[in-house]
Undergrad: 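Below you'll find the structure I mean.
Keep in mind that the numbers below use all heavy atoms, side chains included, and drop hydrogens, waters and symmetry copies. Quick note: residue numbers are just sequence positions, from 1.
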Amino acid sequence: EQYPDVASNVMINNLKLLCDVINSISVPLIHISTDQIFSKPTKHVFSESDKTSPCNYYGELKLAAEQVVFKAHEQAVVLRTNFFGLSKSNVSSSAEILLSELQCFGVYKGFYDVWFTPVHTSIIGEIIKNYKKLEYNEIYNISCNEVLSKYDFAKLLSAKFGFDVN
């Protein structure tokens with residue numbers, strides 16, 4: 001959000017170029033979007049039919065990207081989600097940061113008032129592997145069944161890895 005022109009170029013213009021390439025070889029496109037295309041997260045599990053109202057600039061760009069995908073590619077699927085897992089890059093994921101802080105300092109501060117429906121990357125991977133079961137030109141909200149605060153998520157993840165949640 002600090003560099004809106006750069007973000008727009010990366011997320012929109014590059015996506016248009018990608019769609020052109022994919023169209024030229026006639027393969028489906030699965031676009032990963034975000035739950036930030038909805039208003040400020042609440043204790044509500046969003047559905048595909050809920051009204052969009054991006055809660056930040058990133059959400060605005062991701063919503064615009066969804067529209068680009070559907071205009072530019074006839075075999076497109078959009079997955080709206082908020083995922084977590086291990087990063088394969090040099091940038092640590094939020095889950096890795098949480099576990100690292102617990103390991104180093106024994107403490108992690110989570111937000112009580114920020115809500116989300118986290119999904120592990122392995123589940124997203126399974127959905128993508130089985131993309132032929134998805135309808136083209138559709139949006140799918142991929143979420144867990146329960147809305148969690150960032151704090152409650154941190155407690156669950158901490159317990160899963162054997163840390164004291166108190």
Side-chain angles (χ1 to χ4, degrees), residues 1-23 28-87 89 91-98 108-128 130-131 133-157:
E1 294 196 8
Q2 242 181 327
Y3 306 100
D5 292 339
V6 173
S8 178
N9 187 48
V10 169
M11 293 177 72
I12 303 300
N13 297 337
N14 288 347
L15 181 59
K16 288 176 183 176
L17 294 172
L18 178 64
C19 286
D20 289 344
V21 171
I22 291 173
N23 279 331
L29 171 64
I30 299 174
H31 177 73
I32 307 295
S33 191
T34 180
D35 59 356
Q36 293 183 38
I37 55 104
F38 297 111
S39 60
K40 189 173 180 178
T42 63
K43 293 184 183 183
H44 168 73
V45 176
F46 290 104
S47 74
E48 293 83 355
S49 62
D50 284 332
K51 182 180 182 227
T52 58
S53 177
C55 63
N56 54 33
Y57 186 65
Y58 175 75
E60 289 175 21
L61 285 177
K62 291 300 273 188
L63 186 58
E66 290 180 9
Q67 294 163 358
V68 165
V69 165
F70 286 131
K71 280 184 184 173
H73 195 66
E74 56 197 37
Q75 292 180 315
V77 172
V78 170
L79 304 180
R80 290 178 178 163
T81 191
N82 192 320
F83 58 85
F84 71 96
L86 300 178
S87 174
S89 72
V91 179
S92 296
S93 69
S94 57
E96 289 169 311
I97 292 168
L98 180 151
Y108 178 81
K109 296 178 181 175
F111 295 99
Y112 289 96
D113 60 349
V114 176
W115 304 93
F116 72 137
T117 54
V119 177
H120 193 269
T121 52
S122 64
I123 293 171
I124 303 297
E126 285 300 313
I127 291 168
I128 292 171
N130 295 299
Y131 77 91
K133 295 179 181 176
L134 301 173
E135 295 289 325
Y136 294 138
N137 299 314
E138 290 291 333
I139 295 171
Y140 295 90
N141 280 6
I142 311 298
S143 64
C144 66
N145 296 329
E146 184 179 355
V147 180
L148 300 170
S149 70
K150 295 282 185 167
Y151 175 77
D152 289 333
F153 175 74
K155 283 177 52 177
L156 288 170
L157 195 61

Undergrad: Taking atom CD1 of Ile37 and atom NZ of Lys51, what is their separation to the nearest 0.5 Å?
TA: 11.5 Å
Undergrad: Which atom pair, heavy atoms only, marks the closest approach of Ile22 to Pro28?
TA: CG2-O, 4.3 Å
Undergrad: To the nearest 0.5 Å, tell me how far Phe153 CZ sits from Leu156 CG.
TA: 8.0 Å
Undergrad: Write down the atom of Pro54, the atom of Gly59, and the distance for their closest heavy-atom approach.
TA: CB-C, 3.5 Å
Undergrad: Please check if the side chain of Ser92 supplies one atom and the backbone of Glu96 the other of a donor-acceptor pair under 3.5 Å.
TA: no
Undergrad: What pairs with Glu66 under side chain to side chain donor-acceptor pair (under 3.5 Å), at least two apart in sequence or on another chain?
TA: Ser33, Arg80
Undergrad: Stepwise, does the side chain to side chain contact (heavy atoms under 4.5 Å, CB included) test hold for Tyr131 with Val77?
TA: CA-CA 9 Å; Tyr131 77 91; Val77 172; over 6 Å; no
Undergrad: Give every donor-acceptor pair under 3.5 Å between a side-chain atom in residues 4-18 and any protein atom, sequence neighbours left out.
TA:
from: Asn9; atom 1: OD1; to: Asn13; atom 2: ND2; distance (Å): 2.9

Undergrad: Quick one: closest heavy-atom pair of Phe116 and Ser149, and the distance?
TA: CE2-O, 4.1 Å
Undergrad: Please table the atom pairs, donor to acceptor, closer than 3.5 Å between any side-chain atom in residues 136-145 and protein atoms at least two apart or in another chain.
TA:
from: Asn137; atom 1: ND2; to: Glu74; atom 2: O; distance (Å): 3.1
from: Tyr140; atom 1: OH; to: Glu135; atom 2: N; distance (Å): 2.8
from: Asn141; atom 1: ND2; to: Phe46; atom 2: O; distance (Å): 3.1
from: Asn141; atom 1: ND2; to: Ser47; atom 2: O; distance (Å): 3.1

Undergrad: I need the minimum non-hydrogen distance between Ser93 and Gly85, along with the two atoms involved.
TA: OG-O, 2.7 Å
Undergrad: Mind checking the CD1-CD1 spacing from Ile32 to Ile124? Nearest 0.5 Å is all I need.
TA: 6.0 Å
Undergrad: Looking only at atom types and distance, does a side-chain atom of Lys133 sit under 3.5 Å from a main-chain N or O of Ile127, one as donor and one as acceptor?
TA: no
Undergrad: Residues two or more places apart in sequence or in another chain: which of them pass salt bridge (Lys or Arg N to Asp or Glu O under 4.0 Å) with Glu126?
TA: Lys129
Undergrad: Going from CG on Leu63 to CZ on Phe38, what distance comes out if it is rounded to the nearest 0.5 angstrom?
TA: 9.0 Å
Undergrad: Heavy atoms only: give me the nearest Ala154-Tyr108 pair and the separation to one decimal.
TA: CB-CD2, 3.8 Å
Undergrad: Which heavy-atom pair separates Ala76 from Phe70 by the least distance, and what is that distance?
TA: O-CE2, 3.8 Å
Undergrad: Which residues pass the side chain to side chain donor-acceptor pair (under 3.5 Å) test with Thr121, not counting sequence neighbours?
TA: none
Undergrad: Got more than 12 heavy atoms from elsewhere within 6.0 Å of CZ, Phe111?
TA: no
Undergrad: Walk me through whether His120 and Phe83 qualify under ring-ring contact (aromatic ring centres under 6.0 Å, His included).
TA: CA-CA 5 Å; His120 193 269; Phe83 58 85; 9.7 Å; no
Undergrad: Just verifying a value: how many Å separate Leu98 CG and Lys155 NZ, rounded to the nearest 0.5 Å?
TA: 13.0 Å
Undergrad: Could you grab the distance from atom CG of Asp35 to atom OG1 of Thr81, nearest 0.5 Å is fine?
TA: 7.0 Å
Undergrad: Applying ring pair (Phe, Tyr, Trp, His ring centres under 6.0 Å), name anything that partners Tyr112, two or more places apart in sequence or on another chain.
TA: Tyr151
